[in-house]
Amino acid sequence: MALLTDLLNLDLTDSTEKIIAGYIWIGGSGMDLRSKARTLPGPVTDPSKLPKWNYDGSSTGQAPGEDSEVILYPQATFRDPFRKGNNILVMCDCYTPAGVPIPTNKRYNAAKIFSNPDVAKEEPWYGIEQEYTLLQKDINWPLGWPVGGFPGPQGPYYCSIGADKSFGRDIVDAHYKACLFAGVNISGINGEVMPGQWEFQVGPTVGISAGDQAWVARYLLERITEIAGVVVTFDPKPIPGDWNGAGAHTNYSTESMRKDGGFKVIVDAVEKLKLKHKEHIAAYGEGNERRLTGKHETADINTFSWGVANRGASVRVGRETEQNGKGYFEDRRPASNMDPYVVTSMIAETTILWKP
């Protein structure tokens, strides 16, 4: 095993100019990340300089067996914290051989929205709070929970320390550092209300980069839990009953909101979100109705509400934003399994482009 570890840690930069590029894409379920690697003749950081590639879409639920080739278009590059050196990770989206985005390619439409001049002018900033739950392998029961039983009630676990309250910190800290190494703008981590549940925050990020970075952060987390022999789930309500669900609260601001007088722009934007509540809920993650019950710091899924410093509302405006008369707001409706390309672009489209 020592030899295996030595080989895994080989620094290739002293022996070859070639690099390994790990291509990443989203599979047919919309949540299953896939990846494979190829050798390139030398270092590359610009995704436009990377070759397109293909994969068998019939094996990912994205193409029929008789015409299974799907083409990967490189869109963003990150440093590879597993292979290190000049090796890279490449976030891709997916197209037919004729260049048509396949139905599960949510990045394509998001990029169109973010490239709209009216949206680009507003420079939309995002901060995504990604909650997730760590599970014991093979039994699908949260890390730190007694097998077949339950821990004590919620209360002592949020932002906790101690072996009887905090479970999986080594995974969380490894992920934190891996994201920073890769170039993901991760801004923090914390233990969540339910034991075995954690959160990381990605942002501030601008436009389409919010989706790219959030997906790569998820990829890194899945790779690290694979190494640790632990399973990560993004299910919005992994344990039924009196336990907190998992969300992906999305913080958002535009240039107009960040300027003096921006509070009125925020209120106008929130009123637009209210008018399109059903459309947003439909796109904010599967199984979200199990989480948005009006309990456990959520608003009821059928009713839109907003308020200052109210964590039981659909949209929360921070107290500091109210005091400063400008800033950002937090959409608390997205589930932990939401597609960040869909949610970020939909918020921009509704608040900037849509004219009621």
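This structure is a prediction, so every number in the text was calculated from the model and none was measured. Every heavy atom of this structure was used, including side-chain atoms; hydrogens, water molecules and symmetry mates were not.
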ask   = Excluding sequence neighbours, so at least two apart, what forms ring pair (Phe, Tyr, Trp, His ring centres under 6.0 Å) with His280?
value =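 For His280, the residues satisfying ring pair (Phe, Tyr, Trp, His ring centres under 6.0 Å) (neighbours in sequence not counted) are Tyr284.
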ask   = So Gln130 and Ser336, side-chain contact (heavy atoms from CB on, under 4.5 Å) or not? Walk me through it.
value = CA-CA 6 Å; Gln130 176 69 69; Ser336 50; 3.7 Å; yes
Using a 4.5 Å cut-off on heavy atoms from C-beta on, say whether the side chain of [Y] contacts that of [X].
| X | Y | value |
| --- | --- | --- |
| Cys179 | Phe78 | no |
| Tyr132 | Arg218 | no |
| Pro124 | Val119 | yes |
| His249 | Pro334 | no |
| Glu122 | Thr351 | no |
| Ser209 | Phe114 | no |
| Asn337 | Pro236 | yes |
| Leu273 | Trp354 | no |

When you check the gap from the basic side-chain N to the acidic O, do [X] and [Y] get nearer than 4.0 Å?
| X | Y | result |
| --- | --- | --- |
| Lys259 | Glu255 | yes |
| Asp268 | Lys264 | yes |
| Arg107 | Asp212 | yes |
| Glu322 | Arg319 | yes |

Side-chain donor-acceptor pair present, [X], [Y], cut-off under 3.5 Å:
| X | Y | result |
| --- | --- | --- |
| Asn244 | Gln154 | yes |
| Gln213 | Thr205 | no |
| Asn190 | Gln201 | yes |
| His277 | Asn302 | no |
| Ser68 | Asp56 | yes |
| Asp339 | Trp215 | yes |

Nearest non-hydrogen partners of [X] and [Y], listed with the distance:
| X | Y | value |
| --- | --- | --- |
| Tyr252 | Ala348 | OH-CA, 3.8 Å |
| Ala217 | Phe200 | CB-CE1, 3.5 Å |
| Ala21 | Leu40 | CB-CD1, 3.7 Å |
| Gly144 | Gln136 | N-NE2, 4.1 Å |
| Pro97 | Ile71 | CA-CG1, 3.8 Å |
| Ser314 | Asp331 | O-OD1, 3.7 Å |

message = Holding to side-chain contact (heavy atoms from CB on, under 4.5 Å), I want the full list of residues that pass it with Arg34, two or more places apart in sequence or in another chain.
response =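 By the side-chain contact (heavy atoms from CB on, under 4.5 Å) rule, Arg34 matches Trp25, Asp32, Thr60.
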Any donor-acceptor N/O pair, [X] side chain to [Y] backbone, under 3.5 Å:
| X | Y | answer |
| --- | --- | --- |
| Asp93 | Gln75 | no |
| Ser253 | Asn251 | no |
| Arg332 | Arg311 | yes |
| Asn185 | Pro204 | yes |
| Trp53 | Ala37 | no |

Can you measure from [atom1] ([X]) to [atom2] ([Y]) and round to the nearest 0.5 angstrom?
| X | Y | atom1 | atom2 | answer |
| --- | --- | --- | --- | --- |
| Ile24 | Met91 | CD1 | CE | 6.5 Å |
| Ile19 | Asn87 | CD1 | CG | 6.0 Å |
| Gln62 | Ser29 | CD | OG | 8.5 Å |
| Ser345 | Ile208 | OG | CD1 | 7.0 Å |
| Phe150 | Asp242 | CZ | CG | 11.0 Å |
| Tyr108 | Tyr95 | OH | OH | 6.5 Å |

Within one Ile-Leu-Val-Met-Phe-Trp-Tyr cluster: [X] and [Y], side-chain cutoff 4.5 Å:
| X | Y | answer |
| --- | --- | --- |
| Tyr23 | Leu220 | no |
| Ile189 | Leu134 | yes |
| Ile113 | Tyr341 | yes |
| Val231 | Leu221 | no |
| Ile128 | Val216 | yes |

Pairs involving residues 14-29, ordered by first then second residue, that meet salt bridge (charged side-chain N to carboxylate O under 4.0 Å, His left out) (sequence neighbours left out) =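 Listed by first then second residue: nothing to list.
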request  = Using the side-chain contact (heavy atoms from CB on, under 4.5 Å) rule, take Asp235 and Lys237 through it: C-alpha gap first, then chi angles, then the decisive distance, then the call.
outcome  = CA-CA 6 Å; Asp235 189 288; Lys237 187 75 172 180; 4.2 Å; yes
message = Evaluate Gln197 against Trp243 for side-chain contact (heavy atoms from CB on, under 4.5 Å), listing each step before the verdict.
response = CA-CA 11 Å; Gln197 190 182 73; Trp243 303 97; over 6 Å; no
task = Step by step, work out the side-chain contact (heavy atoms from CB on, under 4.5 Å) result for Phe181 and Lys84.
result = CA-CA 9 Å; Phe181 182 94; Lys84 299 187 277 294; 4.2 Å; yes
Heavy-atom neighbours of Lys36 NZ exceed 12 at 6.0 Å =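 Yes, the 6.0 Å shell around NZ holds more than 12 heavy atoms from other groups.
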message = Parallel, tilted or perpendicular, judged at 30° and 60°: which one describes the rings of Phe82 and Tyr219?
response =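 Phe82 and Tyr219: perpendicular rings.
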message = Over 60° means perpendicular and under 30° means parallel, so tell me whether Phe263 and Trp306 are parallel, tilted or perpendicular.
response =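 Geometry flag for Trp306 against Phe263: tilted rings.
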query = Looking at Tyr157, does the NZ or CZ of Lys165 lie under 6.0 angstrom from its six-membered ring centre and within 45 degrees of the ring axis?
reply =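 Cation-pi check for Lys165 and Tyr157: fails.
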